[in-house]
Every structure is written in C-alpha cells, then in structure tokens.
Amino acid sequence: MGLREKLIEILPTLLPESEVEAIKGKELIARVRAVLGDAYSDHSLRSQFSFIALDPDSCLARVENGQGYYLRREGDAPSLQHVFGGNAESETMLHKAMALAVRLYDTAGQGVFVYPVEDEESWSHPDLVAVHWPAGSWNAEGDYIMEGEAEELSFRAICVGFAEDEESCRRAFFRALACGQWAQESELLILPGAANEEELTDLAARYGVGIRCLDADEGALADMPRADEIFRLSTDEARTLLANLPQTTLARPRHRALSPRAADAMPDTAVVLQWARGCTSRGRVEAYEHRVAVN
C-alpha cells in the first residue's frame, strides 16, 4: 500500500471534525507519525496532504485563506487556494508565472498536472507536468473518453524560474534537469532578467532541456489579472493574453525514453504516472490533484 492509500485510510481518525478546530500541518504530521512511524519525510507527507486536499471526494479539507486541516464534510469542495497557496488571490510574481505556465500548455491542448505552489522550490518534483493524452473525444457528461488502441503517454516536466542573475539561471536550469529526468521531455520556463542566453543555450544542447523565455518582467506581471483570474480565463481569453506576451524559444526539449525507475525514485513524481496510467487503463481521464485540460 502506497503512502497516499495509507493516509486516506487513517486520516478520518486523526482530523478534527470542524474548521474552527483545524490543526496545522506540523501537528497533523505528528499524528500521522504516531501511526505510521518515521518511514516518510516531512516533505513527502506535506505534499500528500496538499494533493489529497485537492480531491473533492477525500476526507481532508484545508482552511480557506489560512492554515490548518480538518475533516471534510459532504458537499465541501477544494478551491484554487490549494494550488496558489494560502491566498487564492495572490499577486506574487511566482503565482502569476505559474498561472501563465499552466495556460500556455492547456490552451495548446495538453492536460496539465499542477503541483501546489510551496514557499520553497522543490527538487523532488517539477512545478507542473504537461500530459499528451491518446486520441479521444468528449462525451455528453463532459468526460474525455479515449478512443482506439492505447498509445504511450507523453510527459513533459516543466519548471518555472526567474533570471534574477546568472547564478539563479544556472540553479533554475539544473533544477529543471533534476526534476525532469524521468519524463520524455523536460523544459525550463524562465522569466526575464540577467539571463546569459549563450550559456543557457549551451547547457540545453548538452543536457537536452528545453528553454522558453517569457518576456514578462515584474511590471508586466503587475499589470496582468490576478493569478486565480488567469487560471479561470476561458481558452480564447487565455490565448489572447498569451498572444500579447512575447516569447523566445532558446532550445527545444530533446525527446527520450520514459524512465519509470527514475520516477519511482521520486515519490512526488511517481504519483503522476500512477494517475495517468490508471486513466488510460480505464479509457477515460479522471480528475486527480488538479487536472486543467485535455487535448
């Protein structure tokens, strides 16, 4: 039994029954450890809490615009604040950049698996994963049904970085390389600053990481809608916004074989494969974590 399944089984007995009694993540980790022991890191547990809270059918609810977890009542539903952190209406550059990144890929027809934005960048998973599903169509209930023979899924692991100086550019590049080693493709989406484009291009050629630059500095981001508004734009509205945002592709990602072993070694990443393969085995895309769109 995986960590997610274990948590789903024990959390109902560990969570307070109302929002006013909500407990912070640190206390919930302590309660989980009392049952499961110390086999899992704090980071793995916090990541799973965030993921499970996104599932409207799970028992775990998170306090809106605040901190803490409690037992979800029937009819409760998760909101964008789980993706964008404690404030669903965040104005930070990171949240807006993440929202733009999501819309860049979902308006191109790919499914997007979004990891909740954390205070510190993760080196155990990318910021989002773009999934190219097998051919299919939408049914009357709004479900995407795959048609024909099953095809190999294609995953692109994407990290968002800021070119504050040359050192930050190198750090962003190698984070994209580390977090995307399992996927067929990995890409760094970087916002402007003091980027050494020649160095980034050389690194991309050596390691096969794609690099795309978005010309959206702090002033440009400040003039854009809030992150949650960008996230909720219709497809046509998002395409219009992105069309007015200059982009430069320094390098295209090099396609390679999928590495399940590398993904299994990174539990925060392996969960994407488990979900996607479950969808293909059942012939339909099923909501999990935060799927934005399918082609």
Less than 4.5 Å apart, side chain to side chain, heavy atoms only: is that true for [X] and [Y]?
X    : Y    : value
P134 : L153 : yes
W133 : S154 : no
T248 : D215 : no
R212 : I190 : no
L273 : F155 : yes
M224 : L100 : yes
V35  : L14  : yes
L250 : E198 : no

Indicate whether the side chain of [X] and that of [Y] have a donor and an acceptor atom separated by less than 3.5 Å.
X    : Y    : answer
T240 : E237 : no
Y105 : E187 : yes
Y69  : K24  : no
E185 : H255 : yes
R156 : S186 : no

Contact summary for [X] and [Y], nearest pair of heavy atoms:
X    : Y    : result
A97  : V160 : CB-CG1, 3.9 Å
I158 : P126 : O-CB, 3.4 Å
I230 : R103 : O-NH1, 3.0 Å
A130 : Q110 : CB-OE1, 3.7 Å
Y70  : L15  : O-CD1, 3.9 Å
L258 : R277 : CD2-NH2, 3.6 Å

Inspect the contact between [Y] and [X] and indicate whether a charged nitrogen and a carboxylate oxygen are less than 4.0 angstrom apart.
X    : Y    : value
K96  : D223 : no
K6   : E9   : no
D165 : R171 : no
E27  : R31  : yes

Item to check | Side-chain donor or acceptor of R239 paired with backbone N/O of A108 under 3.5 Å | outcome: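 No: the side chain of R239 does not pair with the backbone of A108.
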Checklist entry - If only atom types and distance count, is the side chain of R256 paired as donor or acceptor with the main-chain N or O of A183 below 3.5 Å? => result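 It does hold such a pair.
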Checklist entry - What is the ring orientation for F173 with Y207, classed by angle as parallel under 30°, tilted 30 to 60°, or perpendicular over 60°? => result tilted
Checklist entry - Measuring from Q184:CD to H132:NE2, what's the distance to the nearest 0.5 Å? => result 11.0 Å
Item to check | Spacing of M98 atom CE and H95 atom NE2 [to the nearest 0.5 Å] | outcome: 8.5 Å
